[in-house]
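Got a structure for you, written out below as structure tokens; questions coming shortly.
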Number of protein chains: 2
Amino acid sequence: MMEDRPVSTPNPLGQPLEKPVRLPVAELRDLAERALRSAGVPVKGARWQADLLIDAELKGQPSHGLLRLPRLVRRIRAGVADPETTGTHTWIGQALLQVEGGQGLGPVVARTALDVVQERVHETGIAAASIASANHLGMLAWYAEHVAKRGLVCLAMTTSEALVHPYGGRRALIGTNPIAVGVPAEPEPFVLDMATSQISMGKVHAHALREEPLEPGWALDADGEPTVDPLRAKEGALAPFGGAKGYGLGLAIELMVASLTGTALGTGITGTLDSVHPATKGDLFVLLRPAVVPGHLTDYLTEIRDSGPDRAVLVPGDRARECRSRALANGVELPTALVAELRALDHA
Amino acid sequence: MMEDRPVSTPNPLGQPLEKPVRLPVAELRDLAERALRSAGVPVKGARWQADLLIDAELKGQPSHGLLRLPRLVRRIRAGVADPETTGTHTWIGQALLQVEGGQGLGPVVARTALDVVQERVHETGIAAASIASANHLGMLAWYAEHVAKRGLVCLAMTTSEALVHPYGGRRALIGTNPIAVGVPAEPEPFVLDMATSQISMGKVHAHALREEPLEPGWALDADGEPTVDPLRAKEGALAPFGGAKGYGLGLAIELMVASLTGTALGTGITGTLDSVHPATKGDLFVLLRPAVVPGHLTDYLTEIRDSGPDRAVLVPGDRARECRSRALANGVELPTALVAELRALDHA
């Protein structure tokens with residue numbers, strides 16, 4: 001039923017990374033945009049969708065990168081992703097934009113909404129977009145950074161398919177529900193983007209491939225018993241990060257998003273890991289106009305970075321920026337099979 | 001300098017709990033309101049401040065309860081807490097209320113602001129209050145529940161004095177920065193309220209009193225080395241909860257709040273644990289009008305509660321509600337010395 005859901009079947013997340021091909025970023029972009037164009041995505045939409053997939057590759061997060069593209073093209077061909085729509089907008093209050101995504105591409109629907117909300121927040125001080133029925137948005141960090149670079153604070157959250165067990169529970173009932181925060185700062189904005197699970201299902205698959213055990217406390221098996229066997233964890237549930245608190249945060253995101261968007265909850269959420277079901281998750285973006293100039297935060301962030309015993313303490317976003325700089329200079333490694341698959345899409 | 005800061009000196013958090021007195025809730029309220037009235041707090045303000053202190057006692061969180069009252073009265077007498085002001089309001093956008101707290105009582109300033117924002121959100125869909133220079137608000141759970149019971153989603157965060165070290169750092173540079181979320185649900189709203197530290201400094205003091213070691217990973221000493229000695233931890237720093245992710249969340253709260261309110265950051269924050277310094281932290285409340293009726297969430301929360309292997313899985317807010325029910329029936333235990341101190345305040 002969920003043909004390429006990683007819990008049940010092999011999928012690109014599970015592809016061995018032998019013989020990678022290193023490609024310059026311009027070529028990655030060309031590859032992605034061509035594949036999207038050939039599936040009927042208009043020029044601007046292809047560029048916006050490619051931005052998100054490539055940003056994830058640049059930041060060393062391939063699970064949110066180009067390996068999602070073949071699935072997205074299958075979703076378009078299966079009729080559960082609309083390559084053209086930008087969503088339908090309804091202001092249900094002066095500062096709250098309700099977006100019916102119409103199964104559009106996640107980055108296309110979200111960015112169109114954010115452009116409108118960014119305008120509005122100059123009048124209202126705070127404004128939000130609640131998005132239903134859009135496809136996977138990609139890494140929320142992209143949006144948080146995009147908004148923060150325009151001088152606004154961004155708080156973003158999204159629900160996803162149930163892979164996480166409640167603290168004290170045994171079954172997957174909560175999404176990995178990421179939260180992202182962007183705050184204008186100098187020289188670069190603060191960008192936090194984190195899932196509320198202890199680890200990603202992609203990491204479980206990677207351990208399975210390498211036949212490496214998981215760490216204790218990361219996952220339960222299908223019977224709800226703790227396991228370090230990645231093959232058993234794939235059929236089970238991931239732990240929330242940080243025990244009861246991380247569980248509370250993940251559940252709060254599930255409820256806030258569903259409450260604002262009217263989208264599904266828990267095991268009712270589909271469409272981010274398969275090729276055949278509509279996307280029933282929701283997304284929530286809150287934008288705020290800061291009262292201070294970004295420089296107010298600079299000394300503080302410097303104090304934090306300099307507070308380590310021997311090496312610098314990392315501020316969220318630092319590692320991703322370093323990784324991106326290296327990738328822009330040196331290109332990005334992709335699995336050979338994935339490159340071949342992407343090239344074939346262009347000619348399909 | 002910070003005469004009753006728990007890091008450096010004995011304080012009510014450290015009082016032994018021998019010989020507690022059990023008092024009915026009406027008597028607690030009378031005690032609190034009389035003490036506040038005698039310090040010059042008007043009737044309504046005394047009631048609102050007492051609401052917050054008593055709510056914490058009812059929920060089994062005495063660190064946010066009446067033990068804070070003698071300090072608050074000292075703050076009023078020292079001129080760093082204004083017993084009368086409700087804060088000054090400026091709409092810096094149609095949906096963003098900037099509140100200059102004028103060193104008013106936290107609950108008085110916050111609740112006055114929330115009343116105004118709750119009105120506004122019916123027009124705007126989302127609205128926020130950013131609060132500077134108010135005294136300690138008490139437990140954010142109270143506000144989240146109060147707002148959610150009125151049919152609105154509430155997201156609240158506040159900064160506090162630096163007690164938490166960055167992940168990979170060695171010194172206390174970040175507040176325990178709590179986040180609270182209230183979401184309308186049936187029969188009771190969802191209420192999450194959590195600090196972003198692994199444990200509270202109150203817990204360190206409690207371990208010190210009982211001469212019990214801390215658990216590994218909870219704290220660093222003044223040299224930045226891991227310690228399980230609560231006396232050494234009192235001079236050091238608390239760990240963020242959940243490793244790098246909890247650190248990221250706590251720091252994001254520090255930055256979002258400072259960015260919106262223009263208040264201090266890190267070690268610049270004073271006035272929540274002492275009697276002599278102005279309160280330089282900030283508070284941020286975001287209210288949202290949900291798109292769905294609370295019943296949408298009920299089945300899901302029931303599914304979570306029923307998903308435990310043998311006993312119910314707790315949803316955030318469940319334990320506090322149970323505790324409150326028992327306290328309303330049976331009264332609340334307070335240290336004898338604290339009751340005597342509160343009674344003396346009334347006659348001071």
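The analysis underlying the following values was restricted to heavy atoms, covering all of them including side chains, and did not include hydrogens, waters or symmetry mates. Each chain gets a letter, A, B and so on, in the order its sequence line appears, and its residues count up from 1.
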Using a cut-off of under 4.5 Å for heavy-atom pairs, which of A:Y247, A:Y300, A:W91 has the most such pairs with chain B? A:Y300
Does a side-chain heavy-atom distance below 4.5 Å link B:R171 with A:E303? yes
A:R319 meets the side chain to side chain donor-acceptor pair (under 3.5 Å) criterion, sequence neighbours left out, with none
Which bit of B:I174 is near chain A, if near means a heavy-atom gap under 4.5 Å: side chain, backbone, both or neither? both
When B:G248, B:A312, B:G317 are compared by non-hydrogen pairs under 4.5 Å with chain A, the top option: B:G248
Mind checking whether B:L96 and A:T124 have side chains closer than 4.5 Å, heavy atoms only? no
At under 4.5 Å between heavy atoms, what parts of residues 178-185 of chain B are in contact with chain A? List them by residue number. B:V181, B:V183
Most heavy-atom pairs under 4.5 angstrom with chain B, which of A:P294, A:G308, A:A252? A:A252
Keeping to residues at least two apart or across chains, list the ring pair (Phe, Tyr, Trp, His ring centres under 6.0 Å) pairs with something in residues 142-163 of chain A. A:W142-A:H146, A:Y143-A:F285
Among A:V293, A:L288, A:D306, A:D299, the residue with the most heavy-atom pairs under 4.5 Å to chain B is A:L288
Part of B:L249 within contact of chain A (heavy atom distance under 4.5 Å): both
Which answer fits B:T267, side chain, backbone, both or neither, if we ask what part of it has an atom under 4.5 Å from a heavy atom of chain A? side chain
Interchain contact, B:L192 with chain A, by part (heavy-atom threshold 4.5 Å): side chain
Sort B:Y167 into side chain, backbone, both or neither according to what part of it lies under 4.5 angstrom from a heavy atom of chain A. backbone
If one checks every heavy atom of B:Q98 against chain A at 4.5 Å, the contacting part turns out to be side chain
Most heavy-atom pairs under 4.5 angstrom with chain A, which of B:I126, B:V313, B:I92, B:T196? B:I126
Any donor-acceptor pair under 3.5 Å linking the side chain of A:H296 with the backbone of B:L265? no
Where do B:V292 and A:G262 come nearest, in terms of heavy atoms and distance? CG1-CA, 3.2 Å
Choice from B:S259, B:G169, B:P316, B:G168 maximising heavy atom contacts with chain A below 4.5 Å: B:S259
Would you check if B:L301 and A:L255 make a side-chain contact, meaning some heavy-atom pair closer than 4.5 Å? yes
Any idea which of B:G268, B:A127, B:S307 has the most non-hydrogen atom pairs under 4.5 angstrom with chain A? B:S307
Counting only heavy atoms closer than 4.5 Å, note whether B:V286 contacts chain A via side chain, backbone, both or neither. side chain
Review item, side-chain donor-acceptor pairs of residues 239-246 of chain A, under 3.5 Å, at least two apart:
| residue | atom | partner | partner atom | Å |
| --- | --- | --- | --- | --- |
| A:K245 | NZ | B:A195 | O | 2.9 |
| A:K245 | NZ | B:S197 | O | 2.7 |

Between B:R305, B:E254, B:H165, B:Q198, which shows the greatest number of heavy-atom pairs under 4.5 Å with chain A? B:E254
Could you tell me which portion of B:R289 (side chain, backbone, both or neither) has an atom closer than 4.5 angstrom to a non-hydrogen atom of chain A? both
Nearest heavy-atom approach of B:A258 to A:L297 is CB-CD2, 4.3 Å
